[in-house]
Amino acid sequence: MAEVKLFGSWGSPFSRRIEVALKLKGVEYEFIEEDIYNKKSPLLLKYNPVHKKVPVLLHNGKPICESLVILEYIDETWEGPSILPKDPYERAMARFWVKFLDEKCFPAMWQACWSIGEEQEKAKEEATEFLKILEGTLSGKKFFGGDSIGMVDIVANFIAYWFMILQELAGFELLTKEKFPKLNEWMNEYLNCSIIKENLPLKDKLTAVFQARFQAVAAAAAAAAAK
Amino acid sequence: MPTEDLLLLDFWVSPFSTRVKIALAEKGLSYETQEEDLLGGKSDLLLKSNPLYAKVPVLLHNGKPIVESTNIVYYIDETWPSHQLLPACSYGRSRARFWVDFIDKKVFDAGSNIWKSKGEELEAATNDFIDILKKLEGAMGNKDYFGGEKFGFVDIILIGLTTWFYAYEKYGGFKIEKECPKFAAWIKRCKERDSVAKNYIDPQRAYEFVGVLRKMHGVE
């Protein structure tokens, strides 16, 4: 019998992507929670020696690392709704957008939340530009994947959930309905999908973790300023 | 093989374009090229085809643009599936994708750090680069290629970048043959392949080009 295990972390958007994909395909799996901030398990380090990160999918004892690689593996290995489109050109477009999300959008959005002063203003500007580009791709579509969620939607989870919590805590609002009507519509549809809704970390728990981190960052900044 | 409508927007010294040329050659596909002058002015076609990044390579197939070299090679492999570049089994494919991702995230940037730096920073950059090559040697194991017995997808993604390695060696003051002999042997093996030999940028010319970049970056 096929054995599927997922090394992940409850709060990680990368880890949650994989859970959504597995549930979409109806794959049963064992979830192994990793304490990624304090102590990573010897098994995780064994299965992902290069990056030492979650998520790692273990299928019949063989590890697959890097969330985008895992998503393609899941799509190829199991029957069920397609994660990537079938047409090679559409696949190329999907791969382009997920890289854009992971390599441009998220770093800028993350930086916008955690930096201060000029660095933060610059990051906010950059993030806004990237979000405008994404907004443009949603013309006439319910989801990035078309009528149903696909790889780009799964990968964009950070925008719909984690970032919305973070920007509120950070005290600004980038993703307004006025500036980004299509993205806001997409977020509503997306968060209403049962497969997404049922696989998000609890808002209170995530808020508490982020709040604690904001306080720690503020304290460190104050201490550095006092020197 | 019927002629396909393929146009490659290219820059002669781009190691990323080299990847695409090798992949097209492996599939026996003929194509037109349009040389872009990236340091001069970019063509309207390039700006229209790749509005976000305005970079080469861009492959236009029947007028539709595909951008980002790794993406283009995946597209080529999927659109012309005979003589597959990716492994046949899905676990093998996931390993290939993993190393392609690693190569894309690490190699070119680490190389750039070498020619962009001086003194202590240069030494650190060189060590970092050699470390990366050693990790890649580990991934290859005892096989002839990253693809195993056969030259494949990962080999294509990596061999294109090696055209600039001579420049890194000169500026970093090291020799890959000495530091990573297995890696050096793999480069030599790949260069014996027609698809690679015909498309391999002259390392001396690449080195001269990197010299121009260094001046532009104010490193000299």
Side-chain angles (χ1 to χ4, degrees), chain A residues 2 4 14 18 21 25 47-53 55-79 84-105 107 126 129-130 132-134 136-137 151, chain B residues 4-6 20 23 27 49-53 55 57-81 84 86-106 109 131-132 134-139 153-154:
Chain A
V4 184
F14 304 96
I18 308 307
K25 299 282 194 182
Y47 290 132
N48 193 357
V50 176
H51 298 303
K52 305 179 173 56
K53 285 182 179 175
V56 175
L57 187 75
L58 206 66
H59 185 204
N60 295 329
K62 297 203 271 200
I64 304 109
C65 311
E66 288 299 298
S67 66
L68 300 185
V69 175
I70 301 172
L71 287 175
E72 294 222 26
Y73 178 80
I74 290 172
D75 205 27
E76 281 187 6
T77 305
W78 287 284
E79 299 286 318
L84 271 168
K86 298 278 185 229
D87 170 67
Y89 188 77
E90 297 302 319
R91 289 162 80 84
M93 292 307 290
R95 286 182 181 129
F96 175 84
W97 288 114
V98 299
K99 281 274 164 171
F100 174 75
L101 283 167
D102 267 3
E103 289 173 12
K104 302 282 180 197
C105 253
E126 227 189 6
E129 285 313 304
F130 292 148
K132 280 194 189 143
I133 290 164
L134 274 181
T137 68
M151 183 141 163
Chain B
E4 299 277 353
D5 176 5
L6 285 167
V20 177
K27 298 284 187 176
S49 308
N50 192 356
L52 209 55
Y53 301 125
K55 282 185 181 174
V58 177
L59 184 71
L60 288 121
H61 183 206
N62 299 326
K64 295 208 290 195
I66 303 105
V67 309
E68 300 288 284
S69 58
T70 297
N71 239 11
I72 298 172
V73 180
Y74 279 128
Y75 176 82
I76 291 169
D77 204 27
E78 287 173 3
T79 307
W80 294 278
Q84 274 272 279
L86 274 175
C89 80
S90 63
Y91 188 71
R93 294 152 91 80
S94 75
R95 295 304 295 156
R97 291 195 177 107
F98 175 85
W99 287 108
V100 162
D101 177 71
F102 177 85
I103 290 162
D104 275 350
K105 283 188 168 121
K106 304 273 183 190
D109 282 353
D131 244 358
I132 288 167
K134 290 204 164 114
K135 278 204 171 85
L136 289 167
E137 277 186 328
F153 201 102
V154 181

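Residue numbers start from 1 in every chain, and the chains themselves are labelled A, B, ... in the order their sequence lines are given, proteins ahead of strands. Only heavy atoms go into these numbers, but all of them, side chains included; no hydrogens, no water, no symmetry mates.
A distance of 11.0 Å separates OG in B:Ser90 from CD1 in A:Ile74, rounded to the nearest 0.5 Å. Between B:Ile66 atom CD1 and A:Arg91 atom CZ the span is 13.5 Å, to the nearest 0.5 Å.
In terms of the side-chain contact (heavy atoms from CB on, under 4.5 Å) criterion, residue partners of B:Glu68 (sequence neighbours excluded) are, by chain and number, A:Phe96, B:Tyr53, B:Asn71. Under the rule for a salt bridge (charged side-chain N to carboxylate O under 4.0 Å, His left out), A:Glu90 has no partner lying at least two apart in sequence or in another chain.
Within 6.0 Å of NZ on A:Lys25 lie more than 12 heavy atoms contributed by other residues, nucleotides or ligands. Within 6.0 Å of the NZ atom in A:Lys104, the count of heavy atoms belonging to other residues, nucleotides or ligands does not exceed 12.
Below 30°, between 30° and 60°, or above 60°: for A:His51 and B:Phe102 the angle between ring planes is between 30° and 60°, a tilted geometry.
A salt bridge is defined here as a Lys NZ or Arg NE, NH1 or NH2 lying under 4.0 Å from an Asp or Glu carboxylate O, and B:Glu78 with A:Arg95 meets this definition. In summary, A:Asp102 and B:Lys105 do not engage in a salt bridge, as defined by a charged side-chain N under 4.0 Å from a carboxylate O.
When B:Arg97, B:His61, B:Arg93 are compared by the number of non-hydrogen pairs under 4.5 Å with chain A, B:Arg97 comes out ahead. Chain B forms more heavy-atom pairs under 4.5 Å with one residue of A:Asp87, A:Val69, A:Leu68 than with any other, namely A:Val69. Note on B:Lys135, B:Arg95, B:Lys64: by heavy-atom pairs under 4.5 Å with chain A, the leading option is B:Lys64.
Of all heavy-atom pairs spanning A:Tyr73 and B:Ser94, the tightest one is CD1-CB, 3.9 Å.
Although no hydrogens or angles enter the test, the distance criterion places no donor-acceptor pair under 3.5 Å between the side chain of A:Tyr89 and the main chain of B:Thr79. Remark: the backbone N or O of A:Pro63 is paired with a side-chain donor or acceptor of B:Tyr91 at under 3.5 angstrom.
Residue contact with chain A, scored on non-hydrogen atoms closer than 4.5 Å, is absent for B:Ile72. If you measure heavy-atom distances from B:Pro81 to chain A, you find no contacts under 4.5 Å at all.
Annotation: side chain of A:Ile64 is not in contact with side chain of B:Phe98 (no heavy-atom distance under 4.5 Å).
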Audit row: A:Val50, B:Trp99, side chain to side chain contact (heavy atoms under 4.5 Å, CB included) steps and yes/no: CA-CA 10 Å; A:Val50 176; B:Trp99 287 108; 3.8 Å; yes
